[in-house]
Amino acid sequence: MISQAVSEALQKFVPAENILYREPLKKHTTFRVGGEADCIIQIENGKQLAALLGYLARVEIPYFVLGNGSNLLAGDKGYRGIILQISENMNEIRVEENRIYAQAGALLSRVARTALDEGLTGMEFAAGIPGTVGGGVVMNAGAYDGEIKMVADTVTVLDKTGTELELDNETMEFGYRTSVVKNHPFIVTECCFLLQKGDKQAIAEKMEDFQRRRKEKQPLEYPSAGSTFKRPEGYFAGKLIMEAGLAGKKIGGAQVSEKHCGFIINTGTATAKDIRRLISLVQEEVYRQFSVKLSPEVIFLGDF
């Protein structure tokens with residue numbers, strides 16, 4: 001629980017209306033599950049965030065940075081600490097020639113749409129990714145042979161004391177679903193995407209093709225966190241899960257999608273515990289049959 005003293009201190013950094021107490025995490029994740037967080041603070045700008053980080057470091061309160069919650073499984077018992085949410089209150093996008101500067105809370109799909117409007121190519125892969133720029137940078141999000149690594153020029157971050165740093169592409173140490181930000185106490189506040197001039201019609205057609213393929217192959221009609229597992233080297237997670245005979249497998253309201261076995265979906269009544277148990281079952285069965293270890297792409301948060 002957040003003490004009265006901490007609550008009063010937080011209001012020195014953030015407007016009271018941006019501080020949500022005992023807020024259900026299921027309202028902030030695409031899985032639509034999760035218990036209450038002690039406190040969610042909706043961040044408006046980098047200056048506000050820097051001041052908060054300095055304070056939280058002094059009082060040693062645990063915190064977690066949340067974007068659109070599209071790659072997150074929040075536990076049924078919630079989160080004891082403070083959630084720093086960087087989303088619609090911090091989502092400005094500006095264009096300078098062939099560079100797009102996007103704040104961490106901007107949706108990747110909106111950045112892709114801006115690139116299309118400006119006749120810039122390189123962001124088409126991101127058109128259907130539901131996450132924010134911040135989350136996408138941390139995870140080096142990608143789809144259809146594209147990834148953040150290919151278009152990120154510089155990334156602005158804050159360290160745990162609130163000090164601002166600018167990291168170039170090489171310093172970001174982008175890898176498969178990882179980056180230096182994932183492995184260090186940095187928080188992304190903005191990314192500069194370096195793109196190329198292109199043909200608007202060709203860009204639009206490519207984006208439409210990717211969207212069509214997503215609708216055909218992915219269970220977009222159900223709450224999920226996208227691909228549940230990372231791609232194991234030399235294999236495809238969905239294919240392994242299907243060949244293990246797990247298509248349609250259910251635990252409670254959680255189910256391995258029959259449309260795409262790489263997705264675990266919430267059929268409407270799932271708890272976080274259901275989903276986590278199903279993830280474990282899939283891992284165990286795939287390893288038993290094929291000796292391949294599946295690593296979750298989904299981040300686990302809080303108490304289950």
Side-chain angles (χ1 to χ4, degrees), residues 27-32 42-43 65-72 85-96 98-153 155-156 174 177 179 181 188-228 259-260 262-263 265-266 297-299:
K27 294 169 61 175
H28 301 271
T29 66
T30 57
F31 253 136
R32 298 292 178 256
Q42 297 174 323
I43 306 298
V65 181
L66 174 70
N68 197 42
S70 60
N71 200 38
L72 187 70
Q85 186 171 32
I86 303 175
S87 55
E88 63 266 19
N89 289 342
M90 189 172 164
N91 67 357
E92 293 180 4
I93 297 174
R94 70 183 190 278
V95 182
E96 295 181 8
N98 63 332
R99 284 179 165 81
I100 296 181
Y101 295 84
Q103 288 186 314
L107 290 174
L108 284 168
S109 57
R110 186 165 154 246
V111 178
R113 177 60 58 178
T114 300
L116 168 62
D117 292 342
E118 297 292 328
L120 296 172
T121 184
M123 286 295 297
E124 292 91 333
F125 74 92
I129 297 177
T132 58
V133 167
V137 168
V138 172
M139 296 295 293
N140 187 25
Y144 299 109
D145 298 322
E147 57 184 355
I148 296 295
K149 176 182 180 178
M150 298 165 61
V151 289
D153 186 31
V155 177
T156 304
F174 286 118
R177 300 298 175 263
S179 71
V181 181
V188 176
T189 59
E190 184 178 79
C191 181
C192 170
F193 297 99
L194 178 59
L195 307 176
Q196 304 298 321
K197 285 292 184 181
D199 178 74
K200 278 191 178 183
Q201 183 174 346
I203 296 168
E205 288 175 355
K206 193 172 185 179
M207 288 170 62
E208 289 168 6
D209 177 54
F210 288 163
Q211 290 286 62
R212 176 184 56 78
R213 289 157 66 181
R214 280 189 175 91
K215 288 179 181 179
E216 288 177 355
K217 298 179 180 180
Q218 298 179 8
L220 302 180
E221 65 273 26
Y222 290 100
S224 77
S227 296
T228 307
K259 190 173 185 180
H260 190 315
F263 285 62
I265 59 174
N266 177 359
E297 188 169 317
V298 175
I299 296 168

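Residues: numbered from 1 along the sequence shown. Everything quoted here is computed from the prediction, not taken from an experiment.
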Given side chains that start at C-beta, do those of [X] and [Y] come closer than 4.5 Å, heavy atoms only?
| X | Y | result |
| --- | --- | --- |
| Ile86 | Thr132 | no |
| Phe193 | Leu120 | no |
| Tyr101 | Val95 | no |
| Met90 | Thr189 | yes |

State the [atom1]-[atom2] distance between [X] and [Y], to the nearest 0.5 angstrom.
| X | Y | atom1 | atom2 | value |
| --- | --- | --- | --- | --- |
| Lys197 | Lys200 | NZ | NZ | 8.5 Å |
| Thr121 | Ile203 | OG1 | CD1 | 4.5 Å |
| Lys259 | Ile265 | NZ | CD1 | 10.0 Å |
| Ser227 | Asn71 | OG | CG | 9.0 Å |
| Ile100 | Glu118 | CD1 | CD | 7.0 Å |
| Arg214 | His260 | CZ | NE2 | 11.0 Å |

Compare every heavy atom of [Y] with every heavy atom of [X], then report the nearest pair and how far apart it is.
| X | Y | value |
| --- | --- | --- |
| Val155 | Cys191 | CG2-SG, 4.0 Å |
| Ser179 | Val137 | OG-O, 3.5 Å |
| Asn68 | Gly131 | CB-CA, 4.4 Å |
| Leu116 | Ala204 | CD1-N, 3.7 Å |
| Phe31 | Leu72 | CD1-O, 3.7 Å |
| Ala143 | Phe125 | O-CB, 3.2 Å |

[X] and [Y] ion-paired at < 4.0 Å:
| X | Y | result |
| --- | --- | --- |
| Glu208 | Arg212 | no |
| Asp209 | Arg213 | yes |
| Glu96 | Arg94 | yes |

| field | Stepwise side-chain contact (heavy atoms from CB on, under 4.5 Å) test for Thr156 and Val188 | value | CA-CA 6 Å; Thr156 304; Val188 176; over 6 Å; no

So, [X] side chain and [Y] main chain: donor-acceptor pair closer than 3.5 Å or not?
| X | Y | value |
| --- | --- | --- |
| Glu190 | Gln103 | no |
| Glu124 | Gly122 | yes |
| Thr30 | Pro223 | no |
| Asn98 | Gln196 | no |
| Arg177 | Val138 | no |
| Ser87 | Gly105 | no |

| said: Is there a side-chain contact (heavy atoms from CB on, under 4.5 Å) between Val133 and Asn91? Walk through the geometry before answering. | reply: CA-CA 9 Å; Val133 167; Asn91 67 357; over 6 Å; no

| field | Candidate pair Glu297 and Thr228, rule side-chain contact (heavy atoms from CB on, under 4.5 Å), full reasoning | value | CA-CA 5 Å; Glu297 188 169 317; Thr228 307; over 6 Å; no

| field | Partner residues of Glu147 under the side chain to side chain contact (heavy atoms under 4.5 Å, CB included) criterion, sequence neighbours left out | value |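 Applying side chain to side chain contact (heavy atoms under 4.5 Å, CB included) to Glu147 gives Asn140, Lys149, Met150.
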
| query | Under the side chain to side chain contact (heavy atoms under 4.5 Å, CB included) test, which residues partner Ser109, sequence neighbours left out? | reply |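 For Ser109 the side chain to side chain contact (heavy atoms under 4.5 Å, CB included) partners, ignoring immediate neighbours, are Leu107.
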
| Should we count CZ of Arg110 as having more than 12 external heavy atoms under 6.0 Å? |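 Atom CZ in Arg110 is packed in, count exceeds 12.
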
| task | Decide if atom CD of Gln201 counts as having more than 12 heavy atoms of other residues, nucleotides or ligands within a radius under 6.0 Å. | result |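 No - once you tally the heavy atoms of other residues, nucleotides and ligands closer than 6.0 Å, there are 12 at most.
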
| field | Test side-chain contact (heavy atoms from CB on, under 4.5 Å) applied to Asp153 and Arg99, step by step | value | CA-CA 9 Å; Asp153 186 31; Arg99 284 179 165 81; 3.3 Å; yes

| request: With sequence neighbours left out, write down each residue that passes ring pair (Phe, Tyr, Trp, His ring centres under 6.0 Å) with Phe210, or none if nothing qualifies. | output: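 With sequence neighbours excluded, Phe210 shows a ring pair (Phe, Tyr, Trp, His ring centres under 6.0 Å) to Tyr144, given in chain and number order.
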
